[in-house]
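Encoded as structure tokens, the structure appears first; notes follow it.
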Amino acid sequence: GAPEGTKSFALIVDDPDAPDPAKPKMTWVHWVLYNIPLATTGLAEGASTSLPKGTMEAINDWKKPGYGGPSPPIGTHRYFFKLYALDMLLPDLGNLADKASVLKAMKGHVMGETELIGTYKKGGSQDS
């Protein structure tokens, strides 16, 4: 479960292998959520269109809110799903909030975190 005193969660999904895992140049942000309610135990497929009440979205690297699924141009990419337990609800960071602004607002309020890493390769089998 969440650490005692947790008030909300934040989720950041990104790909550090963009654009080419052999020569990564950037971390591509796929999704940023914050103020996920404490009672939330999961996000269903298509959750970006029906988020838990109170959940806020920041923009991804496509410069829009919502989940941008995996579509690597080359090779097998890693996708990091980082969930943070926070001791507060963050303020509304506005329509132009991004990963950096959410991380800045979270500073000093992270009570715990966990991470899941998945891989994806377009049009073929997965590497292990």
Side-chain angles (χ1 to χ4, degrees):
E4 188 173 330
T6 298
K7 303 285 190 239
S8 70
F9 297 104
L11 176 69
I12 297 175
V13 180
D14 55 25
D15 166 9
D17 298 322
D20 179 352
K23 296 179 184 173
K25 293 183 180 171
M26 68 176 296
T27 297
W28 189 265
V29 178
H30 286 261
W31 205 14
V32 180
L33 300 176
Y34 63 100
N35 290 347
I36 302 168
L38 182 59
T40 304
T41 58
L43 296 170
E45 184 175 346
S48 191
T49 60
S50 60
L51 292 168
K53 186 175 179 158
T55 301
M56 307 290 290
E57 283 186 295
I59 59 173
N60 56 36
D61 277 343
W62 286 280
K63 304 299 181 209
K64 60 184 183 180
Y67 176 65
S71 185
I74 186 171
T76 300
H77 287 231
R78 296 168 298 151
Y79 296 87
F80 288 67
F81 293 74
K82 295 171 270 192
L83 183 67
Y84 301 89
L86 306 177
D87 66 359
M88 65 178 290
L89 287 171
L90 298 179
D92 183 341
L93 301 173
N95 293 339
L96 297 178
D98 60 7
K99 176 183 169 181
S101 58
V102 171
L103 288 172
K104 182 178 178 183
M106 288 172 31
K107 191 170 183 168
H109 298 286
V110 177
M111 302 181 68
E113 60 186 270
T114 191
E115 178 176 85
L116 172 72
I117 303 169
T119 60
Y120 181 77
K121 180 178 182 179
K122 194 178 344 182
S125 62
Q126 305 302 308
D127 296 345
S128 296

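Everything numeric in this text was worked out from a predicted model, so none of it was measured.
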Original post:
Of all residues at least two apart in sequence or in a different chain, which pass the ring-ring contact (aromatic ring centres under 6.0 Å, His included) check with Y67?
Top reply: W31

Show every donor-acceptor pair shorter than 3.5 Å between a side-chain atom in residues 79-90 and any protein atom, with sequence neighbours excluded, or say none if there are none.
unit_1, atom_1, unit_2, atom_2, d
K82, NZ, D14, OD1, 3.1
K82, NZ, D14, OD2, 3.0
D87, OD1, H109, ND1, 2.8

Contact summary for [X] and [Y], nearest pair of heavy atoms:
{"X": "G94", "Y": "Y34", "answer": "N-OH, 4.3 Å"}
{"X": "P21", "Y": "I74", "answer": "CD-O, 3.4 Å"}
{"X": "P73", "Y": "P19", "answer": "CG-O, 3.4 Å"}

My understanding is that only residues two or more places apart in sequence, or in another chain, count here; which of them pass side chain to side chain contact (heavy atoms under 4.5 Å, CB included) with [X]?
{"X": "N95", "value": "none"}
{"X": "P37", "value": "T40, P52, T55"}
{"X": "A100", "value": "D98"}

How many angstroms lie between atom [atom1] of [X] and atom [atom2] of [Y], to the nearest 0.5 angstrom?
{"X": "E113", "Y": "F9", "atom1": "CD", "atom2": "CZ", "result": "13.0 Å"}
{"X": "L33", "Y": "L43", "atom1": "CG", "atom2": "CG", "result": "6.5 Å"}
{"X": "D92", "Y": "M56", "atom1": "CG", "atom2": "CE", "result": "3.5 Å"}

Which pairs, with at least one residue in [range] and sequence neighbours excluded, count as a salt bridge (Lys or Arg N to Asp or Glu O under 4.0 Å)?
{"range": "residues 17-46", "value": "D17-R78"}
{"range": "residues 51-74", "value": "none"}
{"range": "residues 100-110", "value": "none"}

Original post:
For D15, which residues count as a side chain to side chain donor-acceptor pair (under 3.5 Å) partner, sequence neighbours excluded?
Top reply: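 Once residues adjacent in sequence are excluded, the partners of D15 under the side chain to side chain donor-acceptor pair (under 3.5 Å) criterion are H77.
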
Original post:
Under the side chain to side chain donor-acceptor pair (under 3.5 Å) test, which residues partner S71, sequence neighbours left out?
Top reply: K122

Original post:
Would a hydrophobic clustering, with Ile, Leu, Val, Met, Phe, Trp and Tyr connected at side-chain separations under 4.5 Å, put V102 with V13?
Top reply: no

Original post:
Which residues, ordered by chain and number, are linked to W28 in its hydrophobic cluster, where ILVMFWY side chains connect at heavy-atom gaps below 4.5 Å, directly or through other members?
Top reply: M26, W62

Subject >> Hydrophobic cluster of I59, others only, ordered by chain and residue number, side-chain cut-off 4.5 Å >> reply: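 Under the 4.5 Å side-chain rule, I59 groups with nothing.
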
**OP:** Take atom CD of E4 as the centre, draw a 6.0 Å sphere, and report whether it contains more than 12 heavy atoms from other residues, nucleotides or ligands.
**Re:** no

**OP:** Evaluate whether atom CG of L116 has more than 12 neighbouring non-hydrogen atoms of other residues, nucleotides or ligands under 6.0 angstrom away.
**Re:** yes

